[in-house]
Amino acid sequence: MAAERDSDVRAPQAVSSDGAVYETATGRAEAHYYHFSHDKAGMGSVDKAKVAAVVHSMSEGSSFYRNEERRDARIQQQIEGMRRRWQALREGGLELEGAAATARRERAAMETRRRLDRVWVVVDMDMFFAAVEMRDKPELRDQPMAVGGTGMLSTANYAARKFGVRSAMPGFIALKLCPSLVIVRPNYDKYKAAAKLAKQVFRRFDPQCVALSLDEAYLDVTDAVSRKLGGLPAAEMAAFHEAVWDVVAAIRRDVSVATGGLTCSAGAAPNAMLAKIASDMNKPDGQCLVPFDAGSILGFVGALPLRKLPGIGRVSETQLGGLGLRVVADVRDEAARLHCVLSPRMATWLHRVSLGIAESGRSGSEAGAQYRRKSISLERTFRDEGSLAALQATVAKLASKLSLQMQGSKAAAEAGSSGADGRQAEAGRAGSEAGAAEDDGVQAARPPRGHVPGFFGMADSDSDSDDAGRPKVRPAMRGRTVTVKLKLASFKVLQRSATLAEPTNSAEVISAACKRLVAQESERFKAAHGGRPLVLRLLGVKMHGLVFDDDVDEEERAAAGHMCKLDDGSDEDDGADGGSPERADSAVVGQGRRPVLRAVLDERLRQMRRHSQQSQQQHPAKRARRQPGGSSGQRSLSGFVSIS
DNA sequence: GCGGATCAC
DNA sequence: TATGGTGATCCGC
Ligand SMILES: Nc1ccn([C@H]2C[C@H](O)[C@@H](COP(=O)(O)OP(=O)(O)OP(=O)(O)O)O2)c(=O)n1
Ligand SMILES: [Mg+2]
């Protein structure tokens, strides 16, 4: 693996060499009570131990903390099992030999599929929400600041990050870490407007660019780079890299101009996964290019802490860490063993990404199906509540509101702005690649396919038209399965669902189903806990098994005369009128119109999860099952780890 | 189809 | 005073 350096890139800081970037980033799994990673932009100089101590002191003894402890204990137990299996593997043993053969076969097939002929760029705005606030209020500029409330922060500026303040951190803890912190309430409309301006820039470089969230976009700039090179193939790699570099710099400059000074960072690479990782390497206001040759790529990904891989989060990192694996090269070296311990899917996925290979397909020619969401939901946190009547009133309200959203633009518009309740209404996200629906397997040959991330994001909300000027429409939909989510005062989460005979979007029907599910769970809880009431802190309602009114078969459409169209939509989504037949979730290429970029990040959130894992489950009307395996009592002294 | 779990933003 | 909301995937039943 030579060549992992960036010597061929014009700007010297393009790809910081592996060592330089991660020298301080080797943080391994830390105790659960300190779960804010500092391996992030702006976190270079925090006193981790001190921050951990403060966070711990603020959390200790709370219900939240106890729940984290339970969770941590479970994870540690799983790791134990995994580790035993790992160590039981014998060098010349049958199982390991077989797995080794599989891994070799896999690697050969994967290398075959490595593509270096597309140029992907991922752009990620710097401290996005905070940056917008700072742009609009100069007095916040040189001041530690965060966006959110005392309960929860969305993000923080770099001055605040120096104190350890982070996204998803409770505001009251942040204030302890940084008493001078100013917390600003979010203004989503402003963020959406800024995102829209940025997207207009992205479109100039890739008309099909895809936004995965308000502040992150994926672009295939292959054509833009070609143009820059005058349509000729680059004579030398250095010239090609330079062209890529310049295109990325131009994008970033234009974004800054268009948004009134917001900065962003970007990564450029042969696939979207690598570009995404690279986008984080020179934050803020920087860019990073991963050289377009296999050797450099292997060197680049190999040195990354596993956590850097999109799809590897806190739990997965801890689990792999339990096997002694810390950086990507470790899992590459242990591909065979991992096949014996992880699910085949997970093992194969890890192996592939450890080689820096991802299928970042552009739908381009293959007319894309239009993206369809697979579920729609609302949830809300409230003060502990134990009255069944009150809880049912709450779910009913959520159900009604959800029903309204499911009626499409027209109904939603008529209902007026439901804004009052201080919803958090933004967020939203979209999955990425195919997977479940269509294998996305591992097999070598299959043509790239998959569906698209839907957006929410960059689509502006305060406009009635999309960027091409067409009226935006939110299609009406119905769902067949209704799920209620219950978070107990203890923070334990339960879901209970029911599948109806027919898809619906009726407030009454959804409401009734929700109330019944909540009542049932309430009963069950009382029965199991000596009459104590079920006390909740959150309720949610989700519908899935969706069918869209503008998706029904021709006959049905003619018969029903449906077609909820027109009318303003207040936000989100990408219009695209009807046309596609078939079930909504069939994501198969259909004939939807309007090609959409697909599968940008072919790595959707993969799960860590070994074969057996599992365990618990208990519950309902069932016999309480026995815990398998020994050591039920055992505790996992979670006092473990800590500090860095 | 269900329920738990993980992940991203 | 007191740890968010939305959407998606995966696993094992
Ligand atoms: N758990 C989270 C993570 C993020 N966000 C929001 C606020 C962020 O501003 C925005 C973008 O997320 P990023 O992860 O890109 O974080 P930032 O853009 O704030 O900072 P960075 O400069 O590290 O990209 O999404 C959120 O609400 N909740
Ligand atoms: Mg960002």
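Letters A, B, ... mirror the listed sequences (proteins, then strands); counts begin at 1.
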When you measure from the side chain of [X], which nucleotide among [options] comes out closest?
X: A:S375; options: C:dT9, C:dG4, C:dG7; answer: C:dG7
X: A:R373; options: B:dC9, C:dA8, B:dC2; answer: C:dA8
X: A:S62; options: C:dT6, C:dT3, C:dG5; answer: C:dT3
X: A:S377; options: C:dT3, C:dT6, B:dC9; answer: C:dT6
X: A:F172; options: C:dA2, B:dG3, B:dC7; answer: C:dA2
X: A:R380; options: C:dG5, B:dT6, C:dT3; answer: C:dG5
X: A:Q495; options: B:dT6, C:dA8, B:dA5; answer: B:dA5
X: A:S59; options: B:dC7, B:dG3, C:dT3; answer: C:dT3
X: A:S497; options: C:dG4, B:dG3, B:dT6; answer: B:dG3
X: A:R345; options: C:dT6, B:dT6, C:dC10; answer: C:dC10

Sugar-phosphate, base or nothing in reach of [X], heavy atoms under 4.0 Å:
X: A:R480; answer: sugar-phosphate
X: A:L153; answer: nothing
X: A:L309; answer: sugar-phosphate
X: A:T483; answer: nothing
X: A:A174; answer: nothing
X: A:T150; answer: nothing

Which value, rounded to the nearest 0.5 Å, describes the distance between [X] atom [atom1] and [Y] atom [atom2]?
X: A:D124; Y: A:L212; atom1: CG; atom2: CG; value: 10.5 Å
X: A:M127; Y: A:S265; atom1: CE; atom2: OG; value: 9.5 Å
X: A:E60; Y: A:E69; atom1: CD; atom2: CD; value: 8.5 Å

Can you measure [X] atom [atom1] to [N] atom [atom2] for me and round it to whole angstrom units?
X: A:N67; N: C:dA2; atom1: CG; atom2: P; result: 19 Å
X: A:K542; N: C:dT6; atom1: NZ; atom2: C1'; result: 10 Å
X: A:L538; N: C:dG5; atom1: CG; atom2: C1'; result: 9 Å
X: A:K401; N: C:dG5; atom1: NZ; atom2: C1'; result: 13 Å
X: A:D215; N: B:dC9; atom1: CG; atom2: C1'; result: 8 Å
X: A:E379; N: C:dT6; atom1: CD; atom2: P; result: 6 Å
X: A:M152; N: C:dT1; atom1: CE; atom2: C1'; result: 14 Å
X: A:F491; N: B:dA5; atom1: CZ; atom2: P; result: 16 Å

So does [X] get a side-chain nitrogen or oxygen closer than 4.0 Å to the phosphate oxygens (OP1/OP2) of [N]?
X: A:S63; N: C:dA2; value: no
X: A:R307; N: B:dC7; value: no
X: A:Y371; N: C:dG7; value: no
X: A:R537; N: C:dG4; value: yes
X: A:R74; N: B:dA5; value: yes
X: A:S213; N: B:dA8; value: no
X: A:K276; N: B:dC9; value: yes

Sequence-distant partners of A:A266, side-chain contact (heavy atoms from CB on, under 4.5 Å), two or more places apart
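A:A266 satisfies side-chain contact (heavy atoms from CB on, under 4.5 Å) with A:V121, A:V123, A:V248, A:R252 once adjacent residues are dropped.
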
For A:T499 and A:T481, does a side-chain donor sit closer than 3.5 Å to a side-chain acceptor?
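The answer is yes; a qualifying pair exists.
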
If you assign each of A:K485 and A:E60 to its closest nucleotide in DNA chain C, which residue comes earlier from the 5' end?
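First, find each residue's nearest nucleotide; the 5'-ward one identifies A:E60.
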
When the C1' atoms of C:dG4 and B:dC7 are considered, how many whole Å apart are they?
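Nearest-Å result for C:dG4 against B:dC7 at atom C1': 15 Å.
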
More 5' along DNA chain B: A:D124 or A:I75, using each one's nearest nucleotide?
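It is A:I75, whose closest nucleotide lies nearer the 5' terminus.
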
Is it true that a side-chain atom of A:S400 and a backbone atom of A:A396 form a donor plus acceptor pair closer than 3.5 Å?
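Between the backbone of A:A396 and the side chain of A:S400 there is a qualifying donor-acceptor contact (under 3.5 Å).
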
Least distance between heavy atoms, A:F382 atom then A:L539 atom:
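Taking A:F382 first and A:L539 second, the nearest heavy atoms are CE2-N, 3.5 Å.
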
For residues A:M273 and A:P310, determine if any side-chain heavy atom of one lies less than 4.5 Å from a side-chain heavy atom of the other.
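Touching, per the 4.5 Å side-chain cut-off.
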
